[in-house]
Amino acid sequence: MRSVTPHQLIEFVLAEQRENEKQQRLYKLLSDEAMSHLGRAITGLMVTRADKSSLTFECKHNESRIRPGSHVVLSAIEHGRLTGEVTAVEEAGRILRITLSRSPDDVFVGPWTLVELDRDFTPLIVQSIKKLQPGQAGWSFFRWLAEDGAIPSMKKVTKANERKNAVERIVSEFPFSVDDSQRLAFEACVNEPSILGIQGPPGTGKTNLLAMVAEVLSRLGRRVLILAPTHQAVNNALSAIRSSFPSRRLVKVGNALRRESLSDDVECQLLKNAVRQDSSRTGSEQIIGMTFLSALQHLAVQSSGLAPNVVLIDEAGQLPFCQGICAGLFGAGSTLLFGDDQQMPPVFNSELSSSPLATSLFARLRQSHPGSVLMLNTSYRLNGPICNFIAESFYGGAGNVVSADSARHRRLKLPVGTSSTTALTVHSALECEESLIWIRSEDNGSQQLNLAEADAVAKLVSTAIKSGIPSDQQAIVTPYRRQAAAIRRLIQYEIGSGVDLPIVDTVERVQGLTVELVAISMCVTDPEYASETASFIFSPNRLNVAVSRARTKVVIFASESILEALPTEYSGLVAMKKFQKALLAIDARMAISQN
Amino acid sequence: MSSQGFSIRPTVGHHFSSLLMCSQRAWLDYHGTAKQKAKPPHYLSKLQQEGLDHERTVCETLYPNAVRIPETVSDVERASLTIQAMQSGSPAILQAYFMQDGARGIADILEHVGPSNSSPTGHLYRVGELKLATALSTSHVMQVAWYRELLQAIQGQGVDDAFFILGDMQREDVSMSGVHDTFERCKNQLGQLQQDSNGPGPHLCRWCKSCPWRDVCVPTLASQSDVSLLPGITRRLALNLKRAGIQTWQQVIQLENSRLEQLGFDWRDLAHIRTSSERLVAGEAVLRYSIRSEDIRSLVAVSMEFANGYRGVDGHPLPRAIWVESSDGPLPISLAGDASWISQVGSLVSSRGAALYGATETVAFLKLLRQNDGPSIKCLDVLDLVETVVHGPIRGLELSNVLHVAEPSGAEPNNSRDRVLGLRSVINWLAGSGGCAA
């Protein structure tokens, strides 16, 4: 493992800022059409509703990556500019609600162009890293993860009986049974180690475990702080606690607009109010949640008065190492990381993505102290074959993650059989016992759009709908927004209006989802294009997340021609080989039927 | 014998790199002549020199007792000296030379693994390469796999792992068995190209800008009006078009949109393809993305004049004047004396933004402004813009080369004043005549 210094971390963060600024300068010179092509803009937006400080827009095409929480600039010729934050994206992106920074006097109906603004947190991150000094708060935590050979301090476990009793009480109260790997992880967390990682492969109950850990530590009188890279992840964690422990007081610190997925009775407050309430209590009766960057701002850089004993970081596999390394600045005696570095990683500027510092906090913990990572090994979501597939492909072997008894034998059952006019391939794919199927697409030189494949996917999914699998139990995942848009159109054509569409999107948008059936449309068939984009389309993390959304069936549409790719980046070659191995492990293979 | 009348060249390590970029490039590596090669872009020559400096530093630090195979003797002698060094069990051998039928290789390092009774040389070595990059490319790994194969032929057995010392002095080990099938595929393809007298034919791609054979391929593509002059057309798509009887870009744009979609084009790209064809007709830069032409055209051309031989503490050259485009022509603003230059630059550039050519000048300009609390001026590296958005045809990234395409009579700008004028031609060439609706 390579040792790093705070200076090197700062250099990396500044280098990323420079590359991002360079990219921004270039983007400003690209036309709206080009920006739309790159997924960074939406053109042709028309205002359909205007409230006091928010506008609702509608557009014909949205292939952008813009999502709730995105900060945007709206511009219209001769009508100036507006800035705001996206609060909702509906109807497959055709409807957007935006809260404006200032209310306009009158509103031009349109057309407007919307461009995403990248927020730059570099100064905050640099300021935080500069606080990492020998002898100061956070330095030990930094050393453990940054210096080759540095070992986390072993803390003596105090009040062992009290902890043990608290664990037993929680286990008995918890609505779900606790398996051995969860129990082991639970007990390890409750001992408040200096640092510990809990790896949660798909469906293994990581978030439920986090909820139990937060609750038991709170009952033991600890001040518990829950952090995550995104508002959504914080909200999910708090909601998980709420659903299992309804009497626990929970506070979300942050933007009141960012409540997606948050239980209605969890308050959003300013930090100072949360701190005041916290310090007025004799024990710890509330658990506070906020985003990691918010914690850097309020706890690391400023002194908020909040002094957590334990910090739980959820989705630590998506938290950039350069940010996460500052977690010691929060002053907690124990930092517990929950995540999975085999699922979605953090996003870095492409120019720096090969740097050893372009990694997550969780991945760095595994690299520096593999013995400090415990893995949950029973999936309650995935059936046996799907679980075996991801275990072999991404978790080092079939025995490392197993399907729970309750899930193992589940198979997709069509309430209504497919009709006699159904194409043979679709019929076989849906009706057969196999849980993983590879449907071989034709090599038609496709890049970001493959209409033949989109048509086949649409037929499969619409047949499943007509056979009784509800739309909300299906998901279609594809690397490209263009392909997603085409698939949506074709599904709509097949099933008609009045029936909801299943979710059709890139893998980033399906994280956290669980459905019965997943169809993956690889789209690319041109090996030259596959070579250029290898690190992206063959990413094992993306494939893992896509496949593991499904409880009972995964159908992968891919052409054999992409396996002829010769990626120029070695990381792309490694990804392609892993993908190839996974694909070739699927026994059930069919060709896209012509009838 | 090649079609050019030369003996067919043996396969060497860099052929793998060429193959991964472009099969035509690899074919020309075997069959082209030295006269056909273009001068490498200045930044590539600079990179090569940095690579040699890095190599020297690494070898002095990590392999002080290594045997170095001299490069000044004949190939036969170099190969012989390599074998001798292996037989003597040297701890490391630098610039090891392999010479076999139809094959050559120069490995940066052979690292001693240990003695071996089963090896004809009595010792086993593993291959290592020194790279300035901090991340591995597939061509690096293929190159090492090639040297490993040549080494195996000498020492009788292969050592599975090879290693790289990267630009940050970190060592990265790679298992050769993990890439064996890819290597065999590349080797077979190279073997076919080596024997092929015709070659796959040129195709415009992102690697053309720095390819040594660009002066062979690009004029051919231009004269044939090849379909690849339009952006977004891979070799596979070009093949599909040719199978459908479409050989030229003019034939492409004559087709109806519906037919183009049938042939594999995305309807979103069609407007851009038609605009690109208009630019080809007008001799303007063909772009991968449409740009805000007026915003680019309004940029002010700026060039930095550096004090010869003087470098700052960070090793960067010290600027002594800034040349700025004005209505009276390029204007020099001296950096000596007081700070009045700041307001002069600010008033000339103001809100239009500055365009410079290359990272050295752009970084120096921004740094100067920052260090002197200068105004916030939006700044564009035109070389970067060219690399990112220009599809072709283009003869290379030297300003003079770009000028040659922008204005065929453009002379090499060898001073800052002429660079400002040259930069204006490039800006106008990029912006085009038609402009692009924002």
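Heavy-atom basis, side chains included; hydrogens, waters and symmetry copies ignored. The structure displayed is predicted, hence computed values, not measured ones. Numbers restart at 1 for each chain; the letters A, B, ... are given by sequence-line order, proteins then strands.
- Between B:Arg235 and A:Asp526 the shortest side-chain heavy-atom distance does not fall below 4.5 Å.
- Looking at B:Val389, the atoms closer than 4.5 Å to chain A (heavy atoms on both sides) all sit in the side chain, from C-beta outward.
- Heavy-atom pairs under 4.5 Å with chain A peak, among B:Thr388, B:Thr182, B:Leu239, at B:Thr182.
- Taking each heavy atom of A:Lys577 and B:Asp181 in turn, the nearest pair found is NZ-OD1, 2.7 Å.
- No part of A:Ser446 comes within reach of chain B, as not one of its non-hydrogen atoms sits under 4.5 angstrom from that chain.
- Side-chain contact check for A:Glu532 versus B:Arg206: some heavy-atom pair is nearer than 4.5 Å.
- At a 4.5 Å heavy-atom cutoff, the contact between A:Glu63 and chain B is made by side-chain atoms alone.
- With B:Asp384 as the partner, the side-chain contact (heavy atoms from CB on, under 4.5 Å) test is satisfied by one option alone out of A:Gln23, A:Lys22, A:Arg25: A:Lys22.
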Steps toward side chain to side chain contact (heavy atoms under 4.5 Å, CB included) verdict (B:Asp295, A:Lys28): CA-CA 9 Å; B:Asp295 288 359; A:Lys28 283 186 178 144; over 6 Å; no
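- The OH atom of A:Tyr27 sits 14.0 Å away from atom CZ of B:Arg292, with the distance rounded to the nearest 0.5 Å.
- With a 4.5 Å cut-off on side-chain heavy atoms, B:Tyr289 and A:His37 count as touching.
- The parts of B:Thr234 that come within reach of chain A are both its backbone and its side chain, each placing non-hydrogen atoms under 4.5 angstrom from that chain.
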Audit row: B:Cys186, A:Leu566, side chain to side chain contact (heavy atoms under 4.5 Å, CB included) steps and yes/no: CA-CA 9 Å; B:Cys186 288; A:Leu566 275 176; 4.0 Å; yes
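- The most heavy-atom pairs under 4.5 Å with chain B, out of A:Asn444, A:Asn450, A:Leu38, A:Leu449, come from A:Leu449.
- Inter-residue side-chain proximity for B:Arg185 and A:Glu564 is flagged as met; some heavy-atom pair is nearer than 4.5 Å.
- For the set A:Ser75, A:Pro527, A:Ser355, the count of heavy-atom pairs under 4.5 angstrom toward chain B peaks at A:Pro527.
- No side-chain heavy atom of B:Met21 sits less than 4.5 Å from a side-chain heavy atom of A:Thr568.
- Interface remark: B:Glu172 contributes side-chain atoms only to the contact with chain A (heavy atom separation under 4.5 Å).
- Among A:Thr525, A:Asp443, A:Leu451, A:Thr113, the residue making the largest number of heavy-atom pairs under 4.5 Å with chain B is A:Asp443.
- For the pair A:Glu528/B:Leu237, no side-chain contact is recorded, criterion being any heavy-atom separation below 4.5 Å from C-beta on.
- Proximity to chain B is limited to the backbone of A:Ala565, based on heavy atoms less than 4.5 angstrom apart.
- Under the 4.5 Å side-chain criterion, counting only non-hydrogen atoms from C-beta, A:Ser354 is not in contact with B:Thr134.
- Residues A:Glu33 and B:Ser290 meet the side-chain proximity criterion, which asks for heavy atoms closer than 4.5 Å.
- Ranked by heavy-atom pairs shorter than 4.5 Å toward chain A, the options B:Val174, B:Leu299, B:Thr362 are led by B:Val174.
- If you tally non-hydrogen atom pairs under 4.5 Å between each of A:Leu573, A:Leu29, A:Val574 and chain B, the highest count goes to A:Leu29.
- Atom NZ of B:Lys242 is surrounded by more than 12 heavy atoms from other residues, nucleotides or ligands within 6.0 Å.
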